[in-house]
Amino acid sequence: MAALRYAGLDDTDSEDELPPGWEERTTKDGWVYYANHTEEKTQWEHPKTGKRKRVAGDLPYGWEQETDENGQVFFVDHINKRTTYLDPRLAFTVDDNPTKPTTRQRYDSSTTAMDILQGRDFTGKVVVVTGANSGIGFETAKSFALHGAHVILACRNMARASEAVSRILEEWHKAKVEAMTLDLALLRSVQHFAEAFKAKNVPLHVLVCSAAAFGIPWSLTKDGLETTFQVNHLGHFYLVQLLQDVLCRSAPARVVVVSSESHRFTDINDTSGNLDFSRLSPSQNDYWAMLAYNRSKLCNILFSSELHRRLSPRGVTSNAVHPGNMMYSSLHRSWWVWTLLFTLARPFTKSMRGEPVCPSAFVQVFAARKSAAHGVKDICSQASNCAPN
Ligand SMILES: NC(=O)c1ccc[n+]([C@@H]2O[C@H](COP(=O)([O-])OP(=O)(O)OC[C@H]3O[C@@H](n4cnc5c(N)ncnc54)[C@H](OP(=O)(O)O)[C@@H]3O)[C@@H](O)[C@H]2O)c1
């Protein structure tokens with residue numbers, strides 16, 4: 001109990017006892033709401049204390065959350081073979097107190113991914129990270145793997161991917177990590193990846209879309225599209241479409257799309273405000289590498305928001321994150337000028353390991369409290385998906 005208090009997980013006390021006719025329930029993403037059977041109404045606030053709450057932590061071992069045909073969340077205790085509408089985590093709720101520190105205050109630039117994941121057990125969770133052989137993708141994959149998740153590194157180059165797997169195994173030989181081929185510049189490869197993943201017959205709880213091309217010279221993919229656009233946005237878009245059914249079956253599940261603040265410095269509309277498709281996959285004459293990157297990052301955000309709107313009612317949330325500016329990964333490798341700029345900026349920007357705010361950003365999405373909900377900068381959209389009526 002002391003440990004729970006230390007972690008801010010106060011036990012529910014008697015002041016929280018509900019008046020007759022009321023019942024406490026939870027949404028798919030852990031928000032507590034109150035149902036009054038007499039008046040047939042629901043509300044977020046506790047009828048006596050007026051407080052809003054959410055459940056803390058994961059379900060106990062052997063429990064699973066499911067949704068019935070009316071959209072009502074229920075819980076299956078596989079060990080004792082019973083089913084209940086009562087969320088076992090209701091014993092440990094935390095107040096949604098707006099005066100308490102927000103997630104941004106809770107986790108700052110000195111927070112490591114490990115800090116955020118401390119005490120979390122991802123055993124049984126399956127995580128796919130694209131572009132996981134280097135940079136932010138690698139740190140994210142490693143962080144999840146070291147906390148028990150089964151992590152699949154989805155990479156275009158198997159040699160680099162296998163080396164990344166070995167580096168994680170060196171840190172913890174029991175880590176459940178594997179590499180699978182995914183070339184986002186080739187839609188057929190995306191399709192093959194999705195088929196191979198589905199053939200494994202495992203759930204998918206987290207899909208982190210981290211792979212990206214940055215500042216590359218103009219080229220067309222074999223599918224006939226400008227490469228930055230296809231790798232950064234369209235390939236991921238297609239991947240999510242193909243894995244959507246698995247994500248929904250694995251709910252609660254999450255998609256995290258790694259975008260960038262640089263999405264601000266462009267637009268994809270023409271002068272009359274209509275979507276200009278030619279800007280998405282421009283010809284060589286209309287190509288500027290930085291603009292292409294920025295546009296693809298804007299697509300990331302628009303995609304993530306729309307995905308969240310569509311899938312959150314089915315228990316799949318989507319968030320876009322900005323990991324930090326000019327972090328010294330391999331992103332700059334396409335041109336020596338980028339390398340020079342990233343090198344000059346390096347002392348002033350976040351590092352991958354020392355202050356890995358970027359992987360933190362992903363895991364913040366996991367640990368996110370409601371106050372982290374909005375703003376594209378770190379995490380955009382963390383809406384509750386089962387609001388009281
Ligand atoms: N670093 C920053 O300052 C920064 C800032 C804002 C946003 N971001 C975003 O953070 C994310 C991760 O970037 P990073 O900094 O970690 O860069 P990184 O180290 O270069 O990682 C990018 C990854 O994407 C992979 N990739 C490239 N083309 C691919 C393709 N066709 N198919 C599959 N994978 C492909 C790369 O694989 P290979 O090793 O095989 O090339 C690499 O693993 C990106 O979405 C980036 O836009 C980074």
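The structure displayed is predicted, hence computed values, not measured ones.
Considering CZ of Phe342 and CE of Met327, their distance stands at 10.0 Å, rounded to 0.5 Å.
For Thr343, the side chain to side chain contact (heavy atoms under 4.5 Å, CB included) partners at least two apart in sequence or on another chain are Tyr328, Thr339. In terms of the side-chain hydrogen bond (donor to acceptor under 3.5 Å, both in side chains) criterion, residue partners of Thr227 (sequence neighbours excluded) are, by chain and number, Ser219. Listed by chain and number, the residues in a salt bridge (Lys or Arg N to Asp or Glu O under 4.0 Å) with Asp77 are Arg82 (sequence neighbours excluded).
Side-chain contact of Asp223 with Gln230: a donor-acceptor pair under 3.5 Å is present, judged by distance alone. In this structure, a donor-acceptor pair under 3.5 Å is absent between the side chains of Thr349 and Asn325. Side-chain contact annotation: Asn232 with Ser296, donor-acceptor N/O pair under 3.5 Å present. Thr181 and His192 are not linked by any side-chain donor-acceptor pair at a separation below 3.5 angstrom, with hydrogens and angles left out of the test. A side-chain N or O of Asp87 and one of Thr26 form a donor-acceptor pair less than 3.5 Å apart.
The aromatic rings of Phe74 and Tyr85 are tilted relative to each other, their planes meeting at an angle between 30° and 60°. Note: His233 and Phe237 have tilted aromatic rings, judged against thresholds of 30 and 60 degrees for the angle between ring planes.
The existence of a salt bridge linking Asp267 and Arg295 is excluded, since no basic side-chain nitrogen approaches an acidic carboxylate oxygen closer than 4.0 Å. Ion pairing between Lys200 and Glu178 holds under the 4.0 Å rule for side-chain N and carboxylate O. Ion pairing of Arg309 with Glu306 is present here, as a side-chain N (NZ or NE/NH1/NH2) and a carboxylate O approach within less than 4.0 Å. Note on Asp245 versus Lys198: salt bridge recorded, some NZ/NE/NH1/NH2 to OD/OE distance being below 4.0 Å.
Residues Tyr293 and Ile216 do not share a hydrophobic cluster, clusters being chains of Ile/Leu/Val/Met/Phe/Trp/Tyr side chains in contact below 4.5 Å.
Both the sub-6.0 Å distance and the 45° axial angle are satisfied by Arg167 relative to the ring of Phe138.
The environment of Trp172 atom CH2 is dense: over 12 non-hydrogen atoms of other residues, nucleotides or ligands sit within 6.0 angstrom.
When each of Val255, Val316, Leu311 is tested with Gln244 by the rule side-chain contact (heavy atoms from CB on, under 4.5 Å), just one qualifies, namely Leu311.
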